[in-house]
Amino acid sequence: MSKDGQMWGGRFQGSLDALFAEFQKSLPVDHVLAFADLRVNRAWSTALAKVGVFTAAELAAVHAAIDDLEAHWRRTGIPVGDPAEDVHSLVERELVARCGDLGKRIHTGRSRNDQVATDLRLFLRERAAALRAAIAGLCAELVAKAAAHHDAPIPGYTHLQRAQPITIGHWALAHCEALGRDRERIADAAARMDSSPLGSGALAGTVLGVDRDALARDLGFGRGPSRNSLDATAQRDHLCELAFACAMAQTHLSRLAEDTIFFATQEARFVVFGDEVSTGSSLMPQKRNPDAMELVRGKCARAHGALLALLGSLKGLPLAYNRDLQTDKESLLPTLAETEACLQVATLAIRHMRFDLARCAAEAERGYLNATDLADLLVAAGVPFRDAHGVVGAAVNRAVDLGVELQDLPADEKRRLLPQLRVDLRQELAAGAVLARRDVVGGTAPARVRAEVEHWQTQLAAWSREGSN
Ligand code: ARG
């Protein structure tokens with residue numbers, strides 16, 4: 001190490017300007033890679049021993065130093081404020097402090113460029129698993145709501161105008177579908193980063209015939225060693241993919257949040273959020289605000305920002321490593337943590353959100369949500385759909401004028417406006433009947449939703465088996 005403790009001081013006489021020294025540090029961000037870095041050091045020193053850099057006894061001493069450092073940090077935490085430039089310098093310095101000259105040999109044939117690329121993949125593998133578990137947790141809460149309310153009607157909206165009734169279960173499982181795809185996207189991203197950059201050196205590969213296959217196996221990379229050292233040290237598309245998966249998941253969360261914030265308005269009153277996830281106003285004593293979901297909705301913007309920051313930092317960047325790449329962690333790591341937190345808080349909010357079933361059911365009977373079904377009844381009576389659409393439009397206008405629902409049109413109005421119909425409108429246009437007609441794959445009929453709840457329960461069980469593997 002140089003007089004200022006860097007790994008690279010050989011040709012430098014002066015010191016870094018203090019302002020720049022602080023500016024270029026990555027330890028405040030990359031300290032989270034410390035345990036991954038220790039794992040990489042363990043594997044790398046083993047590989048070096050195989051090519052004669054360490055004897056068996058020396059390797060044992062190096063491994064003992066790594067174990068000791070790991071135990072120490074598990075006790076004390078990582079010294080985030082340490083003057084070391086980055087986590088790799090910190091680890092090397094601490095190993096040298098523990099095993100002397102042996103520690104100075106550990107960077108043989110290695111660069112921080114392949115080291116950080118490897119550390120990151122190990123770390124991201126873990127974070128991806130945690131995100132997938134958090135998504136499963138939220139889906140479990142939504143599936144519980146769907147199971148409890150698979151046949152409970154609620155108004156469905158398009159353009160935020162009442163459209164057709166749906167079941168609460170159908171609504172809850174719609175959000176599960178999107179989250180399920182997010183979970184899959186995260187798995188895809190994790191699979192694509194499942195190769196080992198270690199042994200790529202600074203850019204051109206390593207020396208001494210280090211066995212990269214064994215290294216990849218040792219570190220649990222299923223796809224073996226990366227195939228091109230320039231690519232492995234310079235590219236960060238796997239980070240972008242994960243950032244996109246987070247941005248997309250948070251976008252889905254923001255829509256779930258918005259749905260429920262609307263449900264909780266005095267105008268809708270479909271749900272009430274429990275005290276666990278609501279806040280009041282410092283001024284207005286009557287307020288009960290859905291802040292948990294508002295924060296989830298709001299934080300989504302930062303996930304979008306992280307993705308753009310990453311993509312922007314890569315645009316036009318020459319191969320191979322450039323220091324710009326250090327900012328990858330500043331962009332990605334906070335968004336991983338925040339996405340996980342948003343998933344957990346959304347899970348909590350859904351758990352503590354209670355549907356007012358009577359009100360949902362009553363509102364599903366109001367606002368002409370059954371107008372399409374009235375047109376369909378006319379179609380069944382032989383009227384072409386386009387004509388039926390016009391007839392029902394006129395009937396809705398008349399019902400609005402009279403201040404009644406379609407099923408409550410007076411008998412004379414019904415005879416005048418809908419002469420083709422002989423059916424009992426109260427029965428045929430009831431929300432239950434409207435729902436039951438959507439008995440199609442993907443439809444909102446309670447029988448279909450019940451089957452989908454079972455599908456999701458099986459899915460959740462499979463996910464939890466995957467998770468515990
Ligand atoms: N702290 C750096 C990073 O996170 C380490 C990588 C190598 N640094 C270097 N100057 N070559 O990207």
Side-chain angles (χ1 to χ4, degrees), residues 1-2 4-12 14-17 19-41 43-44 78-96 106-127 193 196-207 219 226 229-240 242-243 306 309-337:
M1 297 237 173
S2 73
D4 291 332
Q6 300 101 337
M7 299 167 96
W8 43 261
R11 68 170 293 195
F12 293 80
S15 296
L16 288 185
D17 184 280
L19 181 67
F20 175 55
E22 207 45 43
F23 178 79
Q24 64 121 26
K25 280 182 69 166
S26 58
L27 188 62
V29 175
D30 66 18
H31 66 271
V32 298
L33 303 180
F35 294 111
D37 200 78
L38 290 175
R39 188 165 174 201
V40 166
N41 271 291
W44 185 248
I78 315 296
V80 182
D82 190 279
E85 179 179 311
D86 58 21
V87 69
H88 324 291
S89 321
L90 175 66
V91 166
E92 183 172 308
R93 192 194 72 205
E94 291 298 313
L95 290 181
V96 171
I106 207 163
H107 210 56
T108 310
R110 183 177 75 178
S111 157
R112 282 181 294 168
N113 299 351
D114 59 348
Q115 197 177 350
V116 71
T118 310
D119 289 5
L120 247 181
R121 287 176 190 225
L122 290 177
F123 177 77
L124 294 179
R125 181 199 287 174
E126 248 174 49
R127 298 330 304 153
M193 65 176 87
S196 168
L198 201 58
S200 295
L203 75 165
T206 190
V207 289
L219 294 170
S226 56
S229 57
L230 287 178
D231 175 63
T233 49
Q235 297 295 11
R236 295 292 186 267
D237 47 300
H238 51 295
L239 272 70
C240 295
L242 205 50
L310 266 173
L311 285 171
S313 72
L314 296 175
K315 179 187 172 297
L317 203 64
L319 298 190
Y321 182 87
N322 298 267
R323 194 66 182 275
D324 314 44
L325 291 177
Q326 179 168 296
T327 65
D328 61 357
K329 291 170 285 302
E330 293 171 30
S331 301
L332 183 65
L333 301 192
T335 204
L336 292 178

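Indexing begins at 1, ligand by ligand and atom by atom, following the structure's order.
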Apply side chain to side chain donor-acceptor pair (under 3.5 Å) to Ser111 and Asp114, showing your working. CA-CA 6 Å; Ser111 157; Asp114 59 348; 4.5 Å; no
Could you list which atoms of ligand 1 come closer than 4.0 Å to a heavy atom of Lys329? 3 (C), 4 (O), 12 (O)
Which residue and non-hydrogen atom of the protein lie closest to atom 12 (O) of ligand 1, and at what distance in Å? Tyr321 OH, 2.4 Å
In the protein, what heavy atom is nearest to atom 11 (N) of ligand 1, and what distance, to one decimal place, separates them? Asn113 OD1, 3.0 Å
Do the side-chain N and O atoms of Trp44 and Gln115 include a donor-acceptor pair separated by under 3.5 angstrom? no
If you take the nearest heavy atom of each of Arg112, Glu85, Glu330, Met7, which one is closest to atom 10 (N) of ligand 1? Arg112
Based purely on interatomic distance, does Gln326 place a nitrogen or oxygen under 3.5 Å from a nitrogen or oxygen of ligand 1? yes
For Leu310 and Ser331 the tightest heavy-atom approach is CG-CB, 3.9 Å
Aromatic plane relationship, Trp8 with Phe12 - under 30° parallel, 30 to 60° tilted, over 60° perpendicular: perpendicular
Which atoms of ligand 1 sit under 4.0 Å from any heavy atom of Asp86? 1 (N), 2 (C), 5 (C)
Leu38 side, atom CG; Leu122 side, atom CG - distance, nearest 0.5 Å: 11.5 Å
